[in-house]
Structure formats: structure tokens, C-alpha cells
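Each chain gets a letter, A, B and so on, in the order its sequence line appears, and its residues count up from 1.
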Amino acid sequence: MPELPEVEVVRAGLDPALTGASVTAVEVFEPRSLRRHDSTAGPFVDLLEGQRMLAVVRRGKFLWVPLASGRALVAHLGMSGQVLLRAPGAVDDRMLRIRLRVEHPVLGELWVHFVDQRIFGSMAIDTMTPTADGRSGGFSGLEPMAAGDRRETGWQRRLPSQVAHIARDPLDPAFSAPDFYRVLARKKAGIKRVLLDQTVISGIGNIYADEALYAARLHYEQPASSLTLPRARALLAAVRTILQRALVEGGTSFDAQYVNVNGESGYFSHSLSVYGQQGTPCARCGTTIVREQFMNRGSHLCPRCQRVRGS
DNA sequence: CCCTGCCCCTGTCCGC
DNA sequence: TGCGGACAGGGGCAGG
């Protein structure tokens with residue numbers, strides 16, 4: 001479900017509640033939600049209880065909370081995950097999988113509910129590893145670290161091992177556009193497949209891929225390597241514009257499946273041009289928007305504005 | 001290496 | 001009403 005804007009809304013909501021707080025108790029109601037936890041270092045609960053939380057960080061669709069122990073609590077929302085902040089004693093949310101009780105020095109006790117219908121999401125405790133380029137592991141609301149910055153940080157130049165293979169996202173100041181264009185130039189696959197490949201560029205999912213391709217007037221099967229540099233630049237610009245607009249509007253909610261940490265929906269669904277708009281006219285040319293299968297999922301496009309361009 | 005297909009899950013909605 | 005099938009915002013992995 002959640003793509004970069006939705007995950008960032010969650011990160012920003014958790015940050016003031018969790019940074020500086022300590023975990024006092026952990027309850028796991030659904031062990032399958034820990035599938036990405038490697039228990040060789042110890043059980044999830046044991047590695048988390050008593051830990052102080054140092055920040056809330058995001059790269060693409062991955063969230064993590066660096067812990068005083070040097071490890072991190074990693075969370076991925078999958079298709080249907082939510083993280084909700086609740087008052088102590090709150091009733092169990094439907095499909096509650098994990099509850100953290102935390103004590104914040106100013107806010108007092110808070111309950112953090114990890115809710116996930118399909119159990120594609122997960123929480124895990126993971127080791128941290130240095131970033132390949134020595135810059136920040138992800139976005140934490142702090143000033144980005146430039147190359148050569150000598151600030152002592154501990155967690156900031158590191159990221160969870162299970163996130164190390166994920167590319168930086170296009171809103172990350174350390175994202176390299178030239179590197180991205182070089183990868184496009186050697187990929188013969190359809191451009192949508194590349195946009196969804198989190199090891200190439202992270203944070204884009206099915207909704208924003210379709211929206212960005214519409215904005216850039218590209219067909220999902222256009223070979224990535226066939227894009228001219230100006231078209232590749234325009235596509236990246238479209239991706240960034242759409243992700244930022246969605247973020248400002250609080251993300252995209254179709255139903256109660258995506259909500260922020262307070263259970264509130266985002267408004268970007270009103271701004272979608274093609275995703276879910278099949279049967280309605282294209283805002284540019286009036287042609288009916290269609291929905292087609294690509295990579296075993298729906299792709300939404302204007303068949304007139306978005307054609308595969310000749311090689 | 002790269003790419004494709006399949007798997008992991010539950011819930012909801014639609015048509016018969 | 002009931003039931004089968006399609007569909008849903010993601011990602012990891014096996015096998016070609």
C-alpha cells in the first residue's frame with residue numbers, strides 16, 4: 001500500500017513521539033509479522049525491551065529506529081501495514097499484530113500499534129552497517145550529511161543490513177541522478193519495471209509509477225534504455241514532483257487501509273490523473289483512461305498520450 | 001548477471 | 001444469500 005509519501009507521513013508522525021523515548025514492553029500477537037527478524041542474535045522482544053530510541057529514519061519505503069544498543073528496529077508496511085500511536089489502555093485495533101509500550105520523557109507513556117491485514121509487512125531487530133558512500137543512511141528530519149562531513153553521529157551514517165541493498169530514494173539529497181540515468185541506459189526492461197525496482201530507485205510503487213509515467217507521457221513498456229537523456233530527466237522530475245505533492249497532501253488513501261499515525265486519511269487520491277481512473281477522460285486529450293495488466297498488476301494510462309515511441 | 005514468475009497473506013467487492 | 005474469482009498500495013527468491 002504505502003509508497004514513499006505515505007511512509008514519510010508515518011515517519012514524521014512517529015518522530016516526535018519516539019525520539020528519546022524508551023521501550024518498556026513489547027507484545028507480539030502475530031509471529032508472522034516478525035518474518036524478517038533474524039533471531040540468531042536473540043528474540044525480537046529481548047532485543048527491544050529496555051532500549052532507548054534515537055531517531056526515526058526512512059529510506060524509500062523502509063523505516064527504522066536506531067536503538068541505544070547499536071541495532072535498529074526495522075519496520076516495513078508491506079501492502080497493508082499501519083503504525084498507530086495510541087493512549088495507554090487503548091482498545092486493540094483490528095488486526096493488531098505487535099504493540100510497543102514506550103515511555104517518552106515529556107509525553108509520558110504511549111502505545112505503538114503495528115497493524116497489518118495481509119501480514120506482508122514486518123518488524124525486525126537488525127544490525128546496522130555503514131553506508132556505502134559514507135553519507136546519511138536515510139531521512140530523519142535532520143540536516144542531510146554532505147560527503148566529508150565529520151560530525152560524530154553513530155547511527156546516522158549507518159543503515160540496517162536488510163536495507164543496505166535498497167537504493168536511495170529520489171527525495172534523498174544524496175540520490176545521484178547521473179547514476180540513475182546510467183542504469184536506465186543499460187536496462188532493456190519496460191520503464192515501469194525499472195521505476196518499481198527498489199534497488200534502482202526506491203520509494204515508488206504502483207500508484208506513483210503510473211502517475212509519473214502519465215506526467216512524462218511514457219508507456220509502461222517503453223524500454224528504459226530507449227529514453228533520451230532529456231526524457232529521463234523529465235521523468236525523474238515528474239517522479240519528484242508527484243511524490244512531493246502527495247506528501248504535502250498527506251499521502252493517498254482509498255479506504256481506511258492507509259492512514260497516518262493518528263488514523264487520519266491523506267487527500268492525494270483526489271489528485272490522481274490515471275491510477276484508478278479507468279473509464280474517465282484524460283485531462284489532456286479526453287481519451288478514455290484504460291487499465292491494463294503489466295507485471296501481474298494493474299497499469300493505468302492514457303492510450304493516446306502514452307504510446308511506446310519508436311526506437 | 002538479468003529477467004520472469006511465483007509466493008507470501010487476508011479482506012472486500014462484484015457478478016452469477 | 002451464497003459462492004467463486006478478481007483484486008489490492010510490496011518485496012524476496014528460485015530457476016531459467
Side-chain angles (χ1 to χ4, degrees), chain A residues 1-10 29-38 58-63 74-83 93-98 114-124 126 160-167 169 182-213 220-221 223-225 239 242-243 246-247 249-260 265-269 271-272 274-279 291-300:
Chain A
M1 119 179 65
E3 307 180 32
L4 188 155
E6 293 77 32
V7 179
E8 176 53 27
V9 167
V10 171
F29 305 107
E30 176 49 80
R32 291 176 296 176
S33 293
L34 300 180
R35 81 175 76 232
R36 292 183 63 103
H37 175 70
D38 176 0
R58 180 193 53 75
R59 174 184 289 208
K61 305 171 195 173
F62 280 83
L63 285 173
V74 184
H76 195 287
L77 303 178
M79 292 280 267
S80 55
Q82 305 174 357
V83 182
D93 286 283
R94 195 158 126 79
M95 294 173 283
L96 174 63
R97 309 306 190 191
I98 298 169
F114 181 73
V115 169
D116 188 11
Q117 178 203 114
R118 295 176 72 181
I119 325 181
F120 285 174
S122 64
M123 281 189 160
D126 199 1
S161 304
Q162 65 184 260
V163 186
H165 68 294
I166 299 294
D169 62 64
R182 276 190 280 274
V183 174
L184 289 191
R186 62 177 170 79
K187 294 267 187 191
K188 292 173 189 157
I191 183 62
K192 181 171 176 181
R193 183 181 295 277
V194 181
L195 287 182
L196 293 175
D197 183 342
Q198 305 296 301
T199 68
V200 173
I201 182 171
S202 68
I204 304 169
N206 206 34
I207 298 175
Y208 300 114
D210 283 1
E211 292 296 311
L213 291 173
Y220 54 82
E221 277 190 321
S225 57
V239 165
I242 284 161
L243 293 179
L247 180 53
E249 294 186 38
T252 300
S253 302
F254 299 123
D255 49 37
Q257 283 281 53
Y258 165 69
V259 291
N260 67 14
S265 294
Y267 290 93
F268 197 69
S269 60
S271 306
L272 295 173
V274 285
Y275 190 90
Q277 305 305 306
Q278 59 270 29
R291 179 182 189 280
E292 299 175 359
Q293 287 293 119
F294 178 65
M295 292 173 66
N296 287 322
R297 44 197 355 181
S299 278
H300 311 74

Candidate nucleotides dG11(C), dG10(C), dC2(B), ranked by approach to the side chain of Q198(A) - the nearest | dG11(C)

To the nearest angstrom, how far is E30(A) atom CD from dC8(B) atom P?
-> 15 Å

Give one of base, sugar-phosphate or nothing for S253(A), where a contact means two heavy atoms less than 4.0 Å apart.
-> base

If you pin I166(A) and Q117(A) to their nearest nucleotides in DNA chain C, which one's is more 5'?
-> Q117(A)

Can you check whether Y275(A) and F254(A) have ring centres sitting under 6.0 Å from each other?
-> yes

Can you tell me how far P in dA14(C) sits from the matching atom in dC9(B), rounded to whole Å?
-> 16 Å

If pairing means Watson-Crick or G-U wobble with both distances under 3.5 Å, then the partner of dG9(C) is none

Would you mind reading off the distance between Y267(A) atom OH and dG9(C) atom P, rounded to a whole angstrom?
-> 23 Å

R32(A) side-chain N/O to dT10(B) phosphate OP1/OP2 under 4.0 Å = yes

Examine dT4(B): is either OP1 or OP2 under 4.0 Å from a nitrogen or oxygen in the side chain of R193(A)? Give yes or no.
-> yes

Answer yes or no: does a side-chain N or O of R35(A) lie under 4.0 Å from OP1 or OP2 of dG12(C)?
-> no

Nearest-nucleotide pick for F254(A), side chain only, options being dG11(C), dC3(B), dG9(C) = dG9(C)

Nearest whole angstrom, please: distance from the P of dG9(C) to the CG of L195(A).
-> 15 Å

Whole-Å distance separating the CG atom of D197(A) from the P atom of dC2(B) | 10 Å

How long is the line joining CZ of R36(A) and P of dG12(C), in whole Å?
-> 5 Å

Check the angle between the aromatic planes of H76(A) and F62(A) and answer parallel, tilted or perpendicular using the 30° and 60° thresholds.
-> perpendicular

Out of dC7(C), dG11(C), dG9(C), which nucleotide sits closest to the side chain of R297(A)?
-> dG9(C)

Any side-chain N or O of Y208(A) less than 4.0 Å from the OP1 or OP2 oxygen of dG9(C)?
-> no

R118(A) side-chain N/O to dG9(C) phosphate OP1/OP2 under 4.0 Å = no

Return the minimal non-hydrogen interatomic distance between E3(A) and I207(A), and the atom names on each side.
-> OE2-N, 2.9 Å

Under 4.0 Å between a side-chain N/O of R94(A) and OP1 or OP2 of dT12(B), yes or no?
-> yes

Closest to the H165(A) side chain, choosing from dG12(C), dC7(C), dC8(B) | dG12(C)

Could you pull out the closest heavy-atom pair between S202(A) and L4(A), with the gap in Å?
-> O-CD1, 4.4 Å

H76(A), nearest nucleotide to its side chain (from dG11(C), dT10(B), dG9(C)) = dG11(C)

Just how far, in rounded Å, is P of dT10(B) from CG of L96(A)?
-> 16 Å

Taking any strand in view, what nucleotide pairs with dC1(B) in a Watson-Crick or G-U wobble way, both distances under 3.5 Å?
-> none

So which heavy atom on Y258(A) is nearest to which on T252(A), and how close?
-> CD2-O, 3.4 Å

dC6(B) and dA6(C), which share atom name P, separated by this distance in whole Å = 14 Å

Would you mind reading off the distance between L77(A) atom CG and dC8(B) atom P, rounded to a whole angstrom?
-> 22 Å

Pair K61(A) + D169(A), salt bridge at N-O below 4.0 Å | no

Closest nucleotide among dG12(C), dG11(B), dG10(C) to the N206(A) side chain = dG10(C)

Report, as yes or no, whether the 6.0 Å neighbourhood of atom CZ on F29(A) holds more than 12 heavy atoms from other residues, nucleotides or ligands.
-> yes

K188(A) vs dC2(B): side-chain N/O to OP1/OP2 distance below 4.0 Å = no

dT4(B) C1' sits how many Å from M295(A) CE, rounded?
-> 9 Å

Selection from dG11(C), dC9(B), dC3(B) that lies nearest to any side-chain heavy atom of F120(A) = dC9(B)

If we call it a pair only when both distances are under 3.5 Å in a Watson-Crick or G-U wobble match, what pairs with dC9(B)?
-> none

